[in-house]
Number of protein chains: 2
Amino acid sequence: MLKLSKKADYGLMALQHIAANQYADVARARVVNTKEIAEEYHIPVELLAKVLQTLAKSGIIDSHNGPKGGYLLGRNPREITIAQVLESLEGPLGIMDCSHEKEGDACMQREHCNIRTPLLKIQSSIYQLLNNMTLQDMMGGTPLITIQSVATEQQGVER
Amino acid sequence: MLKLSKKADYGLMALQHIAANQYADVARARVVNTKEIAEEYHIPVELLAKVLQTLAKSGIIDSHNGPKGGYLLGRNPREITIAQVLESLEGPLGIMDCSHEKEGDACMQREHCNIRTPLLKIQSSIYQLLNNMTLQDMMGGTPLITIQSVATEQQGVER
DNA sequence: CTTTTGTACGACTGAATTGATCGGAGATCA
DNA sequence: TGATCTCCGATCAATTCAGTCGTACAAAAG
């Protein structure tokens, strides 16, 4: 329950990877393409492509066509929040169906609905939570910086 | 996204209704049955029945058979948390697949997974949130106490 | 004590969401 | 100009979920 979809999973992984390659070492900033990410994390290429396209359409990442093309972050990692990513990939996030419903097509239970108010509070809290954590924060605790610099950075992470 | 299922919706509504009838007025505490709740909130009876059975099996409510039978809360409303209800109806709640996975059958991405740690933190926060809000809290802000005792209890709640 | 009513309970079926796939068009670099 | 790579649409399969049906059981009525 409350499990987020594969799209979201893949999207977050990809973003972390892109960010790492772009910001970890300024001198070695490079563009990563779909195939590379897919192979690295064992994700079906076509599905990942679709995810990245969606993210690009939202402006979270920028796409570069042609050979040597790929993706780059659209803005600073600390200005990309989890909430933005999830909303881009799965639409507006709401605990219940009647989260943002106009009058009229409301659910049948609406008039007698006794749980709407408290659930809205919970939803608001969750949104704040997701909107406070940025891509920058996600990179902090990660042992793996980039594929090739693994050998150099060899600290013993969690075990 | 993150939307909770109909089961959860119905379950929470029903619990609120049961609690209201049981605790609002000690003198008029009464047992409510499936049919009554279903008609009141326009929920398919059989589905609601299934939900209530699940909750009963978890000990959240007690079932009473035969005519004049129905359901009562298994324990005090302030000892029933949203998290307990959701887990009863939809299994353990986890943001991701690998939330509580043993070593071995882990996902393919596990070794390279760069988002596990931060997501676990978010998940933990959400769980705390859901586990801190009780059925008692949900009853506070509700205008409708019970169907028949509306006339007696006429305090102006939030408006 | 038997019958009747109304309830809980479990298995089953259909529908919808989601994960995954395929094929083609356009753009960029060598 | 040719080859590589991304973008974009439509399509298919699988899992999950909402909803339904039939049975067994317990309590009240006769």
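Labels below follow one simple rule: chain letters A, B, ... track the order of the sequence lines, proteins then strands, and each chain is numbered from 1.
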Donor-acceptor pair, distance only, cut-off 3.5 Å: does the side chain of [X] make one with the backbone of [Y]?
| X | Y | value |
| --- | --- | --- |
| B:Gln123 | B:Ile95 | yes |
| B:Asp137 | B:Thr134 | yes |
| B:Gln22 | B:Leu73 | yes |
| A:Gln128 | A:Ser125 | no |

Item to complete: Compare the minimum distances between each of D:dG19, C:dC9, D:dA18 and the side chain of B:Tyr10, then state the nucleotide with the smallest one.
Response: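 Nucleotide nearest to B:Tyr10's side chain: D:dG19.
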What pairs of nitrogen or oxygen atoms, one from the protein and one from nucleotides 28-30 of chain D, lie under 3.5 Å apart?
none

Length of the line joining [X]:[atom1] and [N]:[atom2], which is rounded to integer Å:
| X | N | atom1 | atom2 | answer |
| --- | --- | --- | --- | --- |
| B:Lys7 | D:dG19 | NZ | P | 11 Å |
| B:Asn65 | C:dA8 | CG | P | 7 Å |
| B:Lys35 | C:dT5 | NZ | P | 13 Å |
| A:Lys3 | D:dC17 | NZ | C1' | 13 Å |
| A:Ile43 | C:dT18 | CD1 | P | 19 Å |
| B:Lys6 | D:dT20 | NZ | P | 13 Å |
| B:Asn33 | D:dA27 | CG | C1' | 14 Å |
| A:His64 | C:dC29 | NE2 | P | 10 Å |

Practice prompt. Please list residues of residues 45-57 of chain B whose heavy atoms come under 4.0 Å from any atom in DNA chain D, ordered by number; otherwise none.
Written response: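 Close to the strand are B:Glu46, B:Leu47, B:Lys50.
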Discussion item. Applying side-chain hydrogen bond (donor to acceptor under 3.5 Å, both in side chains) to B:Ser5 and B:Glu90, what does each step give before you reach the verdict?
Written reply: CA-CA 8 Å; B:Ser5 68; B:Glu90 315 199 27; 2.5 Å; yes
Discussion item. Does atom CZ (A:Arg78) have a neighbourhood of more than 12 heavy atoms from anything else shown, all under 6.0 Å?
Written reply: no
Worksheet item: More 5' along DNA chain C: B:Ser63 or A:Gly66, using each one's nearest nucleotide?
Response: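 It is B:Ser63 whose nearest nucleotide is closer to the 5' end.
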Discussion item. Using side-chain heavy atoms (C-beta onward) and a distance below 4.5 Å, is A:Asn76 in contact with A:Leu135?
Written reply: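 They are not in contact (no side-chain heavy atoms under 4.5 Å apart), so the answer is no.
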Item to complete: Just jot down the side chain to side chain donor-acceptor pair (under 3.5 Å) partners of B:Ser88, sequence neighbours excluded, or say none.
Response: B:Ser58
Practice prompt. Using the rule that two of Ile, Leu, Val, Met, Phe, Trp, Tyr join whenever any of their side-chain heavy atoms come within less than 4.5 Å, decide whether B:Leu72 and B:Tyr23 are in one cluster.
Written response: no
Worksheet, complete the sentence: Nearest-nucleotide check on DNA chain D, A:Gly69 vs B:Ser5; residue mapping nearer the 5' end is A:Gly69
